[in-house]
Amino acid sequence: MIRVRFRHTDRFTIVGNHLAQHPSLSAVAIGLGVYIQSLPEGADVTVKTLTNRFAEGEITIRRALDELVVEGYLARHRIPLGGGRFATRIVSYDKPGCASPVRRAAASVAASVEPSVVSVEVAPEGVPDPEPAGLPADILARLRTVDSRLPADPPPPSVTDGAAPLITCDGCERAFRSRDPEAVCADCRLM
């Protein structure tokens with residue numbers, strides 16, 4: 001394979017290889033997962049909408065969505081609308097298991113007040129879990145009663161520890177840390 005690279009500066013989505021090269025997801029599920037991750041928060045991701053967007057039929061779309069739920073890329077929450085009616089809200093995870101239990105609780109509470117897709121920002125492992133951003137005060141108060149790890153006030157802005165800034169490799173467009181703006185990643189240095 002020969003790859004011709006293009007550096008995107010707008011209208012692009014970063015997708016992890018854990019999804020793009022998933023060993024057990026079907027090609028349709030991987031494609032839908034990537035498509036859903038590229039959508040803005042609040043986008044409609046119903047089976048009907050996806051069936052209208054893609055050539056695959058309703059059964060194929062449903063199976064692919066079910067695969068994404070099983071693998072943890074999507075979560076479905078039933079929201080009572082009253083009168084015996086329910087709506088389904090979808091939470092999309094960029095990486096399965098990336099949300100802490102506090103974040104999962106915040107996402108499910110937020111799902112009741114947000115549109116179809118709820119985006120939850122997650123701190124990397126080893127970084128203290130900050131207060132869920134963008135949630136109304138009454139919901140934060142309810143979450144604090146469930147989990148005392150949430151701070152009473154928002155934490156002060158974190159101070160960087162002098163780590164090198166992230167730069168993009170000119171050879172493969174991967175992000176890596178370096179103080180040299182002309183540096184290339186370790187993989188490209190080996191080539």
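One is the number of the first residue; the rest follow in order along the sequence.
With sequence neighbours left out, S38 forms a side chain to side chain donor-acceptor pair (under 3.5 Å) with no residue at all. Every residue two or more places apart in sequence or in another chain that forms a side-chain contact (heavy atoms from CB on, under 4.5 Å) with N52 is listed here: K48. For the side-chain contact (heavy atoms from CB on, under 4.5 Å) test, residues two or more places apart in sequence or in another chain that qualify with V47 are T51, E58, I61, R62, L65. Q37 pairs by the side chain to side chain donor-acceptor pair (under 3.5 Å) definition with nothing, not counting sequence neighbours. Applying the side-chain contact (heavy atoms from CB on, under 4.5 Å) rule to A64 yields the partners V28, A29, L32; only residues at least two apart in sequence or on another chain are considered.
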* Could you give me the CA-CA distance, side-chain angles and deciding distance for L19 and V34, then say whether side chain to side chain contact (heavy atoms under 4.5 Å, CB included) is met? => CA-CA 8 Å; L19 173 59; V34 170; 4.0 Å; yes
* Starting from the C-alpha separation in whole Å, work towards a yes-or-no answer on side chain to side chain contact (heavy atoms under 4.5 Å, CB included) for I79 and T88. => CA-CA 6 Å; I79 309 300; T88 301; over 6 Å; no
* To do: For the pair H77 and F86, evaluate side chain to side chain contact (heavy atoms under 4.5 Å, CB included) and give the outcome as yes or no after the intermediate values.
  => CA-CA 10 Å; H77 299 280; F86 290 88; over 6 Å; no
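One finds the CD1 atom of I90 at 6.0 Å from the CG atom of L74 (value rounded to the nearest 0.5 Å). Expressed to the nearest 0.5 Å, how far CD1 of I167 lies from OG of S178 amounts to 4.5 Å. To the nearest 0.5 angstrom, H18 atom NE2 is 7.5 Å from D94 atom CG. Atom OG in S24 sits 7.5 Å away from atom CD in E67 (nearest 0.5 Å). K95 contributes atom NZ, which lies 11.0 Å from atom CG of N17 (distance to the nearest 0.5 angstrom).
Remark: I59 CD1 is loosely packed, at most 12 non-hydrogen atoms of other residues, nucleotides or ligands lying under 6.0 Å away.
L25 and V70 fall into different hydrophobic clusters, where Ile, Leu, Val, Met, Phe, Trp and Tyr side chains are chained together by heavy-atom contacts under 4.5 Å.
Nearest approach of Y93 to G72, heavy atoms of both residues: CD1-O, 3.5 Å.
Residues in residues 39-60 take part in these ring-ring contact (aromatic ring centres under 6.0 Å, His included) pairs, two or more places apart or across chains: Y35-F54. Contacts classified as side chain to side chain donor-acceptor pair (under 3.5 Å) and involving residues 3-12 (residues at least two apart or in different chains) are given here: R7-D170. Residue pairs that meet the salt bridge (Lys or Arg N to Asp or Glu O under 4.0 Å) test with at least one member in residues 71-88, sequence neighbours left out, are D66-R76.
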